[in-house]
2 protein chains.
Amino acid sequence: MGAMKTTSRASLQEPLLGLTGYVLRRASIATLAEFAERLAPLDLRPVDAALLILLDATPQVTHSEVAATLGLRRPNLVPVVVGLQKRGLLDRKRVDFRSEGLVLTQQGGALLKKVRRIIALHEEQLIERVPPELRPMVLPILMALWGHSA
Amino acid sequence: MGAMKTTSRASLQEPLLGLTGYVLRRASIATLAEFAERLAPLDLRPVDAALLILLDATPQVTHSEVAATLGLRRPNLVPVVVGLQKRGLLDRKRVDFRSEGLVLTQQGGALLKKVRRIIALHEEQLIERVPPELRPMVLPILMALWGHSA
DNA sequence: TATTGTTATACTCTATAACTATA
DNA sequence: TATAGTTATAGAGTATAACAATA
């Protein structure tokens with residue numbers, strides 16, 4: 001114990017801490033890891049949680065719509081949907097002859113409740129790190145950096 | 001042309017756009033992709049640029065220090081260093097018998113100048129998306145979300 | 001011709017275990 | 001024993017091309 005830390009040189013990363021892009025990425029990586037850890041007990045990943053929320057908000061949403069909304073490529077969405085379907089959390093309903101809508105099952109709805117509690121906790125933990133007077137600016141700033149119109 | 005977009009359902013992702021964690025991640029992904037695109041003409045990735053900047057700010061920095069600073073695992077840093085060394089951008093100088101410091105070569109310093117210009121442009125582009133009155137809060141908010149003390 | 005869901009596949013990034021050599 | 005650098009390798013996540021079915 002009390003091992004000598006040779007990694008003790010101070011202010012090593014100063015030149016990067018002033019860069020918005022760098023700090024944005026580090027913040028994203030750190031908070032996503034925390035979120036994933038909170039979701040792990042439900043055997044869900046962040047992408048699964050996002051899909052469940054999307055399905056609940058927009059029943060009968062199609063693969064293509066989900067992929068476009070979440071910024072995923074269609075091929076990469078397939079195993080996500082298959083995985084959740086195998087667990088009985090979502091179901092497919094044919095919309096027309098070439099596309100099918102995804103809907104939450106009752107079981108999926110039940111799990112979603114737990115997911116929402118975890119998300120609420122996570123969001124609370126995030127915002128609490130920010131000084132109170134800056135909190136109203138968090139989402140507007142992130143949306144702006146994203147370049148998202150709405 | 002004018003193909004019917006079936007992905008036209010409005011406000012599909014509303015439930016996610018209110019989540020700090022989600023928007024943080026989307027913003028990070030989007031801006032990192034832009035940065036990578038700007039760096040590509042120099043045949044560098046974001047991690048290469050970060051390493052060059054770190055080496056310039058802290059000559060003789062060791063592998064372990066770099067890895068800890070940039071949030072990388074030591075094994076994953078090896079090919080990064082090897083790649084830049086093969087291109088003559090950095091060199092190794094033995095510090096003691098078991099660790100070696102990394103230093104920029106003259107060629108590395110020359111390339112770093114171009115990197116700095118790209119970073120400046122990128123940072124400018126990022127901050128310009130944010131309404132002027134919110135700009136001073138960007139870095140403090142991101143640092144807070146990261147949970148970074150300084 | 002264009003779109004939806006899909007398969008196969010490859011590439012990048014990240015993670016772990018374990019080795020060596022030094023102390 | 002503990003640390004620095006390394007090797008090998010495995011696992012995510014993400015990317016493209018191309019197919020069948022349908023319009």
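Throughout, protein chains are lettered first and strands after them, A, B, ... in sequence-line order, and every chain is numbered starting at 1.
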Open item on the list: If the cut-off is 4.0 Å, is B/Ser64 near the phosphate of D/dA4, judged by side-chain N/O to OP1 or OP2?
Closed with: yes
Open item on the list: Starting the side chain at C-beta, find the nucleotide from C/dT6, C/dT14, D/dT6 nearest to B/His63.
Closed with: D/dT6
Task: Ionic contact status for B/Glu124 with B/Arg38, cut-off 4.0 Å - done: no
Task: Polar side-chain atom of A/Glu123 near backbone of B/Thr20 as donor-acceptor pair, under 3.5 Å - done: yes
- [ ] Give a yes/no on whether any side-chain N or O of B/Arg73 is located under 4.0 angstrom from OP1 or OP2 of C/dC13.
- [x] no
Task: Electrostatic pair B/Arg116:B/Asp56 at N-O distance under 4.0 angstrom - done: yes
- [ ] Measure the distance from CG on B/Leu77 to C1' on C/dA15 and round it to the nearest whole Å.
- [x] 15 Å
Open item on the list: If you only use heavy atoms from C-beta on, which nucleotide in C/dT6, D/dT7, C/dA15 is closest to the side chain of B/Val78?
Closed with: D/dT7
TODO: Starting at atom CZ of B/Arg74, determine the distance to atom P of C/dC19, rounded to an integer number of angstrom.
DONE: 17 Å
- [ ] Please determine, for the side chain of A/Asn76, which listed nucleotide (C/dT6, D/dT14, C/dT14) has the closest atom?
- [x] D/dT14
Open item on the list: Between B/Arg92 and D/dT6, is there a contact of a side-chain N or O with OP1 or OP2 at under 4.0 Å?
Closed with: yes
Open item on the list: Tell me whether A/Arg74 contacts the main-chain N or O of A/His63 through its side chain, where contact means a donor paired with an acceptor under 3.5 Å.
Closed with: no
